[in-house]
Q: 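If you scroll down you'll find the structure; I have some questions about it.
Keep in mind the model is a prediction, meaning the values are calculated, not measured. We name chains A, B, ... by the order of the sequence lines, and we start the count at 1 in each one.
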Amino acid sequence: MLAIFAVLKFRHMFNKRVRIKELLSNESANYQATVMGWVRTFRNSQFIALNDGSTNNNLQVVASLGEFDEPTLKRLTTGACIKVTGEVITSLGKGQKVELKASSIEILGDSDAEKFPLQPKKHSLEFLREIAHLRFKTNTFGSVFRVRHSLAFAVHKFFNDKGFVYLHTPIITASDAEGAGEMFKVTTFPLDGTAPKNEDGSINFKEDFFGRSTNLTVSGQLEGELAAMAFSDIYTFGPTFRAENSNTTRHLAEFWMIEPEVAFNDLEDNMNLAEEFIKYVIKYAIDHNKEDIEFLAQRLEEEEKQKPQNERNEMTLMEKLDFVVNNNFERLTYTEAIEILKESNHNKKKKFQYLIEGWGADLQSEHERYLVEKHFKKPVILTNYPKDIKSFYMRMNEDGKTVAAMDILAPGIGEIVGGSQREERLDRLTERMNEMKIPAEELNWYLDTRRFGSCPHAGFGLGFERLVQFVTGMGNIRDVIPFPRYPKSAEF
RNA sequence: UCCUCCUUAGCUCAGUUGGUUAGAGCAUCUGACUGUUAAUCAGAGGGUCUCCCGUUCAAGUCGGGAAGGGGGAGCCA
């Protein structure tokens, strides 16, 4: 037994390192340790600020004068990767409690200081976006992506703890009838015009890889409903794709979506689930990534100082998150929202670009922002929208005019959740599909849910990147996904 | 896709009514110093002013077009 342990121990020699986060949180001193990481700065030919991505806090490595040769010291440039062994001691300087007094320094990877684009100074987010393959090495993106990880983990923990089944819905789909947006085509046909054609000149997809026209998914909802009709409680969490020519701070062509679907839930259950879910994952991030969120909050505060007084946020990032976790979301119907907007001074003084005149129109983002940021100053759940501005699968209300839909609007980013109670009555559903010219034959499999043991059910979709934006305070959605895809951009 | 603003050194930005050799801070390099905290001090190198066309004796500066980027809108998550 002992021998086995010894072998295992030696086999992992190279990785017998201490993470910097652990080393710094353990305040004891006077022990030997090995660390590996990347040089942030090298000051005074003696002090290396070393970072390994476990935290934004750097470990101060001391290379005492005269103990290391000049060629080695020359290679301690910003960005270089090194392995250091030495003694952890109580720091002789003031900026940190402990530091590592190096006895050996090994250069694992050089970094040419004249060519390495990251410097020990502030960079603009636009510049870092151009070098997205290197931006993980900065404090801001270190924090953003550690928070993103925590939120993703919390998503699974929340649903798993509630007994939901995590369902993997297909990324390549055949249905293009959902109307959720423009789709990316998936084909193995050549693009030089030689693809097989039908007599009328259209492409003959019968000869394509799947024997039919296929696309990248825009939503896993319809497939999710199939599984909810058997498991009762399911959720999906995966990539979705929209080929819309959207150039905004809150749209991506490739983004991750969370879509729970729950049998026997009505609209109110659905709202309760969504609200509980959002609060849970935010709380999880606060509890597990306090340092990162505080760093991002400070970054945001400095950014805010550049803005004129009236455009600044009243709350800090941490206050905003605490507020969301500890307060109920405001719930009101579309009809009530229209009344509030119509009677608002903003509307009467004609400050809206699109004035609210009556019932039935879709809300513009200026209206959503007014409700969330000016009127209620908290997240808002809007329900029971006019049927004409919503999807075919949403459940018709008794009034025959509205559907059991709900949108959750968050301060700063707008719509974060879109959901509904689904239309479980086959006759009503097919009627709506006819009205909206949705080809029922193509969705026969979907309609089977209503033919064989249909039941009331509800679900929602939550844009994961918008959630990450909300929690990190990042203004542009392109900065909360590692490798953003958007019109004219698919680098890395 | 529409509206709007921007593009000058590796980065962040100045650049006057069009006028000689286009500047600063940071970064980089060289040297000094050595318990520093985005170290400090001294010096040096670094520019096809995004590209194309035009107006002019003369364009970084004015006009037109293109490309790229930011912000806003629409579509939505």
Side-chain angles (χ1 to χ4, degrees), chain A residues 40-50 57-66 73-74 77-79 89 91-96 99 101 111-131 138-139 178-182 218-221 239-259 274 306-307 311 352-354 362-369 389-391 407-410 413-419 460-470 475-481 486-489 491:
Chain A
R40 284 284 173 85
T41 62
F42 182 35
R43 287 185 298 270
N44 222 342
S45 309
Q46 268 187 93
F47 305 101
I48 304 163
L50 194 69
N57 299 317
N58 301 321
L59 171 68
Q60 171 149 294
V61 173
V62 184
S64 300
L65 285 174
L73 295 177
K74 281 264 179 246
T77 54
T78 299
I89 59 169
S91 180
L92 304 176
K94 281 190 178 146
Q96 56 283 315
E99 61 192 22
K101 189 171 158 42
S111 174
D112 185 338
E114 283 195 70
K115 291 180 183 150
F116 186 56
L118 295 172
Q119 302 154 8
K121 58 166 281 190
K122 280 215 165 65
H123 291 292
S124 68
L125 294 174
E126 292 81 24
F127 171 65
L128 292 172
R129 210 171 292 148
E130 287 170 22
I131 51 165
T138 65
N139 282 340
E178 294 164 49
E182 287 296 309
V218 292
S219 160
Q221 182 200 316
T240 45
F241 308 86
R242 304 277 164 91
E244 303 283 350
N245 190 8
S246 296
N247 294 286
T248 79
T249 53
R250 56 190 186 285
H251 289 87
L252 289 165
E254 176 181 286
F255 65 100
W256 287 64
M257 191 150 62
I258 295 142
E259 296 178 287
Q306 314 290 320
K307 292 186 192 167
E311 285 176 29
F352 286 129
Q353 201 185 335
Y354 297 90
D362 209 349
L363 298 179
Q364 305 292 320
S365 54
E366 60 175 340
H367 305 133
E368 297 179 349
R369 291 183 81 105
I389 57 172
K390 288 291 178 183
S391 304
D407 282 359
I408 301 185
L409 312 175
I413 46 178
E415 187 176 345
I416 192 167
V417 164
F460 61 86
L462 182 143
F464 185 59
E465 282 73 21
R466 290 191 182 171
L467 177 70
V468 181
Q469 263 191 293
F470 186 73
N476 195 318
I477 201 165
R478 296 164 186 180
D479 295 329
V480 299
I481 188 167
Y486 49 95
K488 301 278 179 291
S489 180
E491 223 184 324

Q: Using a 4.0 Å heavy-atom cut-off, does A/Glu99 contact any base of the nucleic acid, only the sugar-phosphate backbone, or nothing at all?
A: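 Base contact.
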Q: What integer number of Å spans the P atoms of B/U61 and B/U56?
A: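 After rounding to an integer number of Å, I get 16 Å for this pair.
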Q: Nearest 0.5 Å, please: how far is CD in A/Glu415 from CZ in A/Arg250?
A: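 These two atoms lie 10.0 Å from each other.
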Q: Check whether any side-chain nitrogen or oxygen of A/Asn247 sits under 4.0 Å from OP1 or OP2 of B/G72, and answer yes or no.
A: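 Result: no.
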Q: How many angstroms lie between atom OG1 of A/Thr78 and atom CG of A/Asp112, to the nearest 0.5 angstrom?
A: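 So the OG1 of A/Thr78 and the CG of A/Asp112 are separated by 11.5 Å.
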Q: Looking at B/U1, B/G35, B/G25, which one has an atom nearest to any side-chain atom of A/Asn245?
A: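 Nearest listed nucleotide: B/U1.
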Q: Would you say the base of B/G74 and the side-chain of A/Gln364 have a donor-acceptor pair closer than 3.5 Å?
A: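 Check fails, no donor-acceptor contact within cut-off.
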Q: Any side-chain N or O of A/Arg40 below 4.0 angstrom from OP1/OP2 of B/U37?
A: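 No, outside the criterion.
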Q: Does the aromatic ring of A/Phe255 sit over the six-membered base ring of B/A77, closer than 5.5 Å centre to centre and tilted less than 30°?
A: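 Ring-base stacking flag set for A/Phe255 and B/A77.
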Q: Side chain of A/Gln60, base of B/U36: donor and acceptor closer than 3.5 Å?
A: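 Yes.
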Q: Within the structure shown, what part of the strands sits under 4.0 Å from A/Gly461 by heavy-atom distance: base, sugar-phosphate, or nothing?
A: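 Contact class for A/Gly461: sugar-phosphate only.
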Q: Rounded to whole angstroms, how far apart are CG on A/Leu59 and C1' on B/U36?
A: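 My rounded result for the distance is 15 Å.
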Q: Could you work out, with ring pair (Phe, Tyr, Trp, His ring centres under 6.0 Å) as the rule, every residue matching A/Phe470, not counting sequence neighbours?
A: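 A/Phe470 satisfies ring pair (Phe, Tyr, Trp, His ring centres under 6.0 Å) with no other residue.
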Q: Rounded to whole angstrom, note down the P distance from B/C62 over to B/G43.
A: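 These two P atoms come out 36 Å apart once rounded.
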Q: Between P on B/A38 and CZ on A/Phe116, what's the gap in Å once rounded to a whole number?
A: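 It works out to 18 Å between those atoms.
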Q: CD of A/Gln221 versus P of B/A77: gap in Å, rounded?
A: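 Interatomic distance, CD of A/Gln221 to P of B/A77: 9 Å.
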Q: Describe the nucleic acid contact of A/Thr240 in one word from base, sugar-phosphate, nothing, applying a heavy-atom distance below 4.0 Å.
A: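 Nothing, no nucleic acid heavy atom in range.
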Q: Looking at every strand, decide which applies to A/Lys115 at a 4.0 Å heavy-atom threshold: base, sugar-phosphate, or nothing.
A: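 Touches nothing.
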Q: Return the value, rounded to whole Å, for the distance between atom CG of A/Asn476 and atom C1' of B/G72.
A: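 Those two atoms, CG and C1', are 13 Å apart.
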Q: Could you state the CZ-C1' distance from A/Phe127 to B/A27, rounded to the nearest angstrom?
A: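 Nearest whole value for this atom pair: 11 Å.
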Q: I'd like to know if A/Gln46 reaches the base of B/U37 with its side chain, counting only an N/O donor and acceptor under 3.5 Å.
A: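 Donor-acceptor pair under 3.5 Å: no.
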Q: Would you say A/Thr249 reaches B/G72's phosphate, i.e. side-chain N/O to OP1/OP2 under 4.0 Å?
A: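 Answer is yes, contact under 4.0 Å.
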Q: Considering heavy-atom distances to RNA chain B, does A/His123 or A/Gly95 have its closest nucleotide positioned more toward the 5' end?
A: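 Final value for this comparison: A/His123.
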Q: Quickly work out the A/Glu415 CD to B/G74 P distance and round it to whole Å.
A: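 That distance rounds to 12 Å.
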Q: Are any of A/Ser365's side-chain N or O atoms less than 4.0 Å away from OP1 or OP2 of B/A73?
A: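 Yes, within the criterion.
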Q: Which value, in whole Å, describes the distance between the C1' atoms of nucleotides B/U1 and B/C76?
A: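 Going atom to atom, C1' in each nucleotide, I get 15 Å.
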Q: Could you give the distance separating B/G60 and B/U50 at their C1' atoms, to the nearest angstrom?
A: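 The same atom, C1', in both gives a distance of 12 Å.
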Q: Using heavy-atom distances to pick each residue's nearest nucleotide on RNA chain B, tell me which of A/Glu130 and A/Leu363 is more 5'.
A: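 Nearest nucleotide further toward 5': that of A/Glu130.
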Q: Only Watson-Crick and G-U wobble pairs, only distances under 3.5 Å, only runs of 3 or more: what stems does that leave for RNA chain B?
A: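 As far as RNA chain B goes, consecutive pairing (with distances under 3.5 Å) yields the stems B:1-7 with B:67-73, B:10-13 with B:23-26, B:28-32 with B:40-44, B:50-54 with B:62-66.
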Q: Is there a donor-acceptor contact under 3.5 Å from the side chain of A/Glu182 to the main chain of A/Glu244?
A: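 Pair absent, no side-chain N/O of A/Glu182 close to backbone of A/Glu244.
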Q: Nearest 0.5 Å, what's the CG-CG distance between A/Asn58 and A/Asn139?
A: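 Spacing of CG (A/Asn58) from CG (A/Asn139) equals 6.5 Å.
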Q: Say we look at B/A38 and B/C2: how far apart would their P atoms be, to the nearest angstrom?
A: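 That atom pair is separated by 47 Å.
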Q: Look at the side chain of A/Glu126 and the base of B/G68, then say whether one donor and one acceptor between them are separated by less than 3.5 Å.
A: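 Result: no qualifying N/O pair found.
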Q: One pair to check against side-chain contact (heavy atoms from CB on, under 4.5 Å): A/Thr240 and A/Trp256. What are the steps and the verdict?
A: CA-CA 6 Å; A/Thr240 45; A/Trp256 287 64; over 6 Å; no
Q: What interatomic distance, in whole Å, is found between P of B/C13 and the corresponding atom of B/A9?
A: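 Approximately 11 Å lies between the P atom of B/A9 and that of B/C13.
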Q: Could you measure the distance from the CD atom of A/Glu114 to the OG1 atom of A/Thr77? Nearest 0.5 Å is fine.
A: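 So the gap between those two atoms works out to 11.0 Å.
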Q: Any donor and acceptor pair, going by atom type alone, linking the side chain of A/Ser91 with main-chain N or O of A/Glu99 inside 3.5 Å?
A: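 The answer is no, because no donor-acceptor pair under 3.5 Å joins these two groups.
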Q: If we take the P atom in both B/A39 and B/G72, what is their distance in whole Å?
A: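 Straight-line distance between the two P atoms is 34 Å.
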Q: Between N or O atoms, less than 3.5 Å apart, protein on one side and nucleotides 39-47 of chain B on the other: list the pairs.
A:
unit_1 : atom_1 : unit_2  : atom_2 : d
B/A39  : OP2    : A/Thr41 : OG1    : 3.3
B/A39  : OP2    : A/Arg43 : NH1    : 2.8
B/A39  : N6     : A/Asn44 : OD1    : 3.3

Q: Out of B/C26, B/A77, B/U30, which nucleotide sits closest to the side chain of A/Lys74?
A: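 My answer, after comparing the listed nucleotides, is B/U30.
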Q: Is there a donor-acceptor contact under 3.5 Å from the side chain of A/Arg369 to the main chain of A/Gly414?
A: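 Not confirmed, A/Arg369 side chain does not pair with A/Gly414 backbone.
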Q: Can you tell me if the side-chain N/O atoms of A/Ser246 get under 4.0 Å from OP1 or OP2 in B/C76?
A: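 Answer no for this pair, as no side-chain N or O of A/Ser246 is under 4.0 Å from OP1 or OP2.
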Q: If I take atom NZ in residue A/Lys122 and atom C1' in nucleotide B/C13, what distance separates them, rounded to the nearest angstrom?
A: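 To the nearest whole Å, that distance equals 16 Å.
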Q: From the list B/U36, B/U30, B/U12, which nucleotide is the closest neighbour of the side chain of A/Lys121?
A: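 Nearest to the side chain of A/Lys121 among the choices is B/U12.
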Q: Given side chains that start at C-beta, do those of A/Val62 and A/Phe47 come closer than 4.5 Å, heavy atoms only?
A: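 Counting from C-beta outward, A/Val62 and A/Phe47 do come under 4.5 Å.
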Q: State which of B/G35, B/C29, B/G69 makes the closest approach to the side chain of A/Arg129.
A: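 In terms of side-chain proximity for A/Arg129, the closest of B/G35, B/C29, B/G69 is B/G69.
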Q: Using a heavy-atom cut-off of 4.0 Å across all strands, would you classify A/Glu465 as base, sugar-phosphate, or nothing?
A: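 The answer is nothing, as A/Glu465 stays clear of every strand by at least 4.0 Å.
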Q: OP1 or OP2 of B/A73 less than 4.0 angstrom from a side-chain nitrogen or oxygen of A/Arg250, does that happen here?
A: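 Yes.
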Q: When the C1' atoms of B/A58 and B/A42 are compared, how many Å lie between them, rounded to an integer?
A: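 Between the two C1' atoms, the distance is 40 Å.
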Q: Which heavy atom in A/Gly475 sits nearest to a heavy atom in A/Thr249, and how many Å separate them?
A: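 Closest approach of A/Gly475 to A/Thr249, heavy atoms only: O-CB, 3.4 Å.
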Q: Rounded to the nearest 0.5 Å, what's the gap from CD1 on A/Ile89 to CD on A/Gln60? Could you check?
A: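 That separation rounds to 9.5 Å.
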Q: Looking for any heavy atom pair under 4.0 Å, which part of the strands does A/Ile416 touch: base, sugar-phosphate only, or nothing?
A: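 Contact class for A/Ile416: sugar-phosphate only.
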Q: Report the distance from atom CG of A/Asp479 to atom CG of A/Leu128, rounding to the nearest 0.5 Å.
A: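 One finds 8.0 Å between CG of A/Asp479 and CG of A/Leu128.
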Q: Assign A/Arg478 to base, sugar-phosphate, or nothing according to its heavy-atom contacts below 4.0 angstrom with the strands shown.
A: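 Result for A/Arg478 = sugar-phosphate.
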